[in-house]
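Below you'll find the structure, written out as structure tokens, and then a few comments.
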Amino acid sequence: MTVFGDYAEYYDLFYMDKEYRAEAEYVSNVIRAIKPDAYSLLELGCGTGNYCREFVELGYSVLGIDRSPQMIKQAEGFSFGLSQPPVRPHYQLGDIRDCRFGTKFDVVASLFHVISYQTTNDDLIATLQTAREHLDAGGLFLFDCWNGPGVLSDPPKNPLKTVRSDQIAATRRTTSTLLPDQNIVNVRFDFEITNSGSGTTTLLTEEHQMRYFFPNEINDFAALTDMQVLKKYKWLTEDEPDESAWYTLLVLGAI
């Protein structure tokens, strides 16, 4: 079953209320506090480019990578209109586990739980190696992921979300299954998409496996890839992550 296949067409509709600008500013503030002169940024798993566009407006030169052709197509097709910044993000199709560009960046970022999609140790290590390969010593790799203590203390729910645009009414039903022996949550999305213009209704299903991590795991995986954990935050705060936090931001430094 393809992840972010047909769903990609409706992805931004379901996340139209997500505060990408505020989140990008938060991540940028964390970057600037450690590396004030950071300019070039590689985003691994950029999706439809929402963070890329915000980072460009915050003054970064950005390359976004994603393995979904549908996502990259939407990212490249975005129109800035009258607010077009002087420099647009660049995008490239690629697998974050093995893509190589032969250049270094000041910062590598991977946001909106992309790292939690790396459900095997081999996939995670390969992704961390990709980040390290594109950093000089002292460069930063920032990513958010699902926080194990938070997931276990507040098990996943099964929400129903309905969104609308001019012609589209879409419903997403979530069914989550906790697999504690694997540190994974299996998330099934069932979509019902109704187009008032064509009068058609489309049913889609996707399953997303999401891995949650514990602090010591990240320390060990970072060490395996010539990086070290510099900071850990409860997402969108300056606090240490604890069992109340489902999401955490990790800042790794290249050694």
Heavy atoms only: give me the nearest A222-L252 pair and the separation to one decimal. CB-CD2, 3.7 Å

Charged N-O contact under 4.0 Å between E57 and R53: no

Over 60° means perpendicular and under 30° means parallel, so classify the ring planes of H113 and W146, tilted if in between. perpendicular

Could you give all pairs that pass the side-chain hydrogen bond (donor to acceptor under 3.5 Å, both in side chains) test and reach residues 245-255, with sequence neighbours left out? none

Search all heavy atoms of F101 against all heavy atoms of H134 and return the closest pair with its distance. N-NE2, 3.1 Å

In terms of side-chain heavy atoms, does N50 have a donor or acceptor partner in T48 at a distance below 3.5 Å? yes

Looking only at the side chains, is there a donor atom on one of S244 and D242 sitting less than 3.5 Å from an acceptor on the other? yes

Name the residue from T120, N121, T119 that meets the side chain to side chain donor-acceptor pair (under 3.5 Å) definition with R211. N121

Salt-bridge test for R172 and E192: reply yes if a basic N is under 4.0 Å from a carboxylate O, no otherwise. no

Please say yes or no: joined through hydrophobic side-chain contacts below 4.5 Å, possibly via intermediate residues, are V108 and F143 part of one cluster? yes

Please tell me whether Q92 and H90 have a donor and an acceptor in their side chains that are separated by less than 3.5 angstrom. no

Ignoring hydrogens, what is the shortest heavy-atom contact between L13 and A170? Give both atom names and the distance. CD2-CB, 4.4 Å

Approximate separation, where rounding is to 0.5 Å, of T177 OG1 and L179 CG: 6.5 Å

If you measure from the Lys or Arg side-chain nitrogens to the Asp or Glu carboxylate oxygens, is any gap between D190 and R173 under 4.0 Å? no

Should the heavy atoms of other residues, nucleotides or ligands under 6.0 Å from NZ of K18 be counted, would the total exceed 12? yes

Looking at residues at least two apart in the chain, or sitting in another chain, which of them share a ring pair (Phe, Tyr, Trp, His ring centres under 6.0 Å) with F112? Y15

Return yes if a side-chain donor-acceptor contact under 3.5 Å exists between T194 and T201, otherwise no. yes

Using ring centroids (six-membered ring only for Trp), state whether F191 and Y7 fall under 6.0 Å. yes

Which hydrophobic side chains are connected to Y91, either touching it within the sub-4.5 Å cutoff or through other members that do? I72, L93

Test salt bridge (charged side-chain N to carboxylate O under 4.0 Å, His left out) on R132 and D226 and set out the steps. CA-CA 7 Å; R132 180 61 184 88; D226 294 324; 5.2 Å; no

Check this for me, if you would: do K161 and D17 make a salt bridge, where the nitrogen-to-carboxylate-oxygen distance has to be below 4.0 angstrom? yes

Sequence-distant partners of K35, side chain to side chain contact (heavy atoms under 4.5 Å, CB included), two or more places apart: D37, A38, D106, L140

Cluster question for you: counting only ILVMFWY and a side-chain heavy-atom cut-off of under 4.5 Å, with indirect links fine, are V187 and Y11 together? yes

Which residues pass the side chain to side chain contact (heavy atoms under 4.5 Å, CB included) test with T225, sequence neighbours left out? I125, L128, Q129, M227

Are a donor atom and an acceptor atom from the side chains of R188 and T174 found within less than 3.5 Å of each other? no

Hydrogens and angles aside, do E240 and Y233 bring a side-chain donor and acceptor to less than 3.5 Å of each other? no

Looking at residues at least two apart in the chain, or sitting in another chain, which of them share a ring pair (Phe, Tyr, Trp, His ring centres under 6.0 Å) with Y60? F55

Which pair of non-hydrogen atoms, one from I115 and one from D144, has the smallest distance, and what is that distance? CB-O, 4.2 Å

Polar side chain donor-acceptor pair, T175 to N158, under 3.5 angstrom: no

Take the angle between the ring planes of Y212 and F214 and call it parallel below 30°, perpendicular above 60°, tilted in between. perpendicular

